[in-house]
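Heads up, the thing below is written out as structure tokens.
As the structure is a computational prediction, the values presented were derived from the model and not from experiment. Just so you know, these numbers use all the heavy atoms, side chains as well, and skip hydrogens, waters and symmetry mates. Start at 1 with the first residue, then count along the sequence.
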Amino acid sequence: MAEKVALVSGTREAYGLAPSLRAVGLARSTWYHHTRTRVAYARKYAHLEAPLKAIAEAHPEYGYRRTTAELRETYGYRVNRKVVARLHRLWDLSLRRTVTRPKPSAVRRAIDAAGPRANLLSGRPKAEIGALEVFYTDFTELLYAGGTRKAWLIPILDHRAKYVPGFAVGASANSDLALSAWTAAERALARLRNSLDGIIVHQDRDPVFTGYAWTGRLLAAGARLSYALRGPRDNPEMESFFGRFKVENRSLILDAGSLEELAAVVRDRINYYIGCAVTPPLETGHP
């Protein structure tokens with residue numbers, strides 16, 4: 001059944017839903033039931049997506065049993081291993097484990113060598129952080145078109161005012177999308193402060209955020225790079241933002257029928273709730 005649903009998902013845009021269902025002998029009611037169940041399951045365990053992906057990237061050799069133990073020991077989540085196995089299939093994490101990991105970049109090696117010092121916010125009283133001094137960022141997945149398609153959102157979030165000077169929505173969580181969000185943030189922040197020198201940008205050790213395109217661009221702007229060393233636990237402000245944003249706007253996001261409609265929903269909701277005054281590009285290869 002899962003294989004048939006996957007085949008329909010991969011062909012429905014090119015050939016239409018009805019012909020795809022007929023080709024594999026799948027009833028329309030079965031298709032909708034399966035996709036809605038998949039969305040409900042993904043939503044129920046959405047809090048596990050980031051740690052599971054982090055474990056898959058850090059330990060590509062782990063199966064679902066060792067991943068279950070790592071999830072409990074490192075992140076404090078006690079989950080049945082059958083749930084972990086199903087989430088591996090749901091989010092294609094087993095595919096990540098079959099890909100040979102590239103050698104870490106010089107930036108990543110420097111972060112690893114710095115150890116706890118790579119997190120510039122560790123031990124710093126949050127109450128002492130002023131407006132426009134510290135920003136958080138990360139990617140989060142958005143399911144839209146009734147839960148049948150997915151996109152990625154990356155915002156730049158201010159610590160003090162929860163202001164979002166820039167964000168971007170696109171089909172892939174890559175450097176181009178991240179730099180689109182940063183470009184929007186740079187333009188907005190240029191109107192609010194004389195220089196970006198000394199601002200701290202705190203992020204995960206995702207390959208995008210340790211890559212030369214991202215780090216070079218931020219360092220050239222005068223920003224200081226800070227890294228979460230324990231996954232979401234070291235970036236709780238960003239996780240809190242994502243959780244609230246997706247819960248409050250769940251129906252609007254699911255109702256978006258295209259990537260362009262989804263980007264418009266995200267822009268409107270951020271403008272409404274957080275007061276962001278920028279209109280970032282949808283997605284671009286030339287930030």
Side-chain angles (χ1 to χ4, degrees), residues 9-10 12-14 17 35-36 38-39 42-43 46 49-50 53 90-92 135-158 161-192 201 203-204 206-209 211 213-214 217-218 221 235 237-287:
S9 298
R12 65 188 297 255
E13 287 191 15
L17 179 58
T35 53
R36 288 167 182 166
R38 178 186 175 99
V39 171
R43 188 180 302 122
E49 182 176 4
K53 288 182 177 179
L90 182 64
W91 291 321
D92 295 327
F135 294 86
Y136 307 100
T137 193
D138 201 355
F139 292 103
T140 192
E141 186 179 88
L142 299 179
L143 295 175
Y144 68 104
T148 62
R149 303 181 67 183
K150 68 179 179 180
W152 298 89
L153 164 66
I154 173 172
I156 312 294
L157 175 71
D158 172 55
K162 307 307 178 188
Y163 167 61
V164 178
F167 61 93
V169 177
S172 301
N174 56 26
S175 295
D176 288 342
L177 193 67
L179 291 174
S180 294
W182 178 250
T183 295
E186 277 189 314
R187 292 171 181 167
L189 292 174
R191 300 192 294 265
L192 300 175
V201 179
Q203 61 251 296
D204 194 9
D206 183 281
V208 167
F209 301 131
W214 173 262
R217 179 74 175 275
L218 269 65
N235 202 356
E237 289 81 2
M238 197 73 261
E239 293 304 309
S240 176
F241 171 85
F242 284 148
R244 180 169 61 90
F245 184 83
K246 290 199 279 190
V247 168
E248 292 181 356
N249 302 294
R250 170 178 164 271
S251 60
L252 292 172
I253 293 171
L254 284 172
D255 287 344
S258 67
L259 190 58
E260 291 76 11
E261 290 180 15
L262 176 64
V265 167
V266 172
R267 181 181 62 246
D268 291 345
R269 293 299 86 196
I270 287 182
N271 286 340
Y272 179 79
Y273 286 114
I274 306 164
C276 176
V278 299
T279 304
L282 171 66
E283 184 174 21
T284 176
H286 304 281

Could you pull out all residues at least two apart from [X] that satisfy side-chain contact (heavy atoms from CB on, under 4.5 Å)?
X: Glu186; result: Trp182, Leu196, Arg217, Ala221
X: Asp206; result: Phe139, Val208, Phe209
X: Ser258; result: Glu260, Glu261

Heavy-atom check, side chain of [X] versus side chain of [Y], under 4.5 Å:
X: Val266; Y: Phe245; value: yes
X: Asn235; Y: Asp204; value: no
X: Met238; Y: Gln203; value: no

Search all heavy atoms of [X] against all heavy atoms of [Y] and return the closest pair with its distance.
X: Pro155; Y: Val164; answer: CB-CG1, 4.1 Å
X: Ala171; Y: Trp152; answer: O-CD1, 3.5 Å
X: Ala184; Y: Gly166; answer: CB-CA, 3.8 Å
X: Ala178; Y: Trp214; answer: O-CZ3, 3.4 Å
X: Ile253; Y: Tyr144; answer: O-CB, 3.1 Å
X: Leu262; Y: Ala151; answer: CD2-CB, 3.5 Å

Distance, nearest 0.5 Å, that separates [atom1] of [X] from [atom2] of [Y]:
X: Leu153; Y: Ile270; atom1: CG; atom2: CD1; result: 5.5 Å
X: Tyr136; Y: Asp158; atom1: OH; atom2: CG; result: 8.5 Å
X: Leu142; Y: Phe242; atom1: CG; atom2: CZ; result: 8.5 Å
X: Arg187; Y: Leu192; atom1: CZ; atom2: CG; result: 15.0 Å

Item to check | Set of residues satisfying salt bridge (Lys or Arg N to Asp or Glu O under 4.0 Å) with respect to Glu141, sequence neighbours excluded | outcome: Lys53, Lys150
Checklist entry - Yes or no on side-chain contact (heavy atoms from CB on, under 4.5 Å) for Asp138 and Glu239, after CA distance, side-chain angles and deciding distance? => result CA-CA 9 Å; Asp138 201 355; Glu239 293 304 309; 4.0 Å; yes
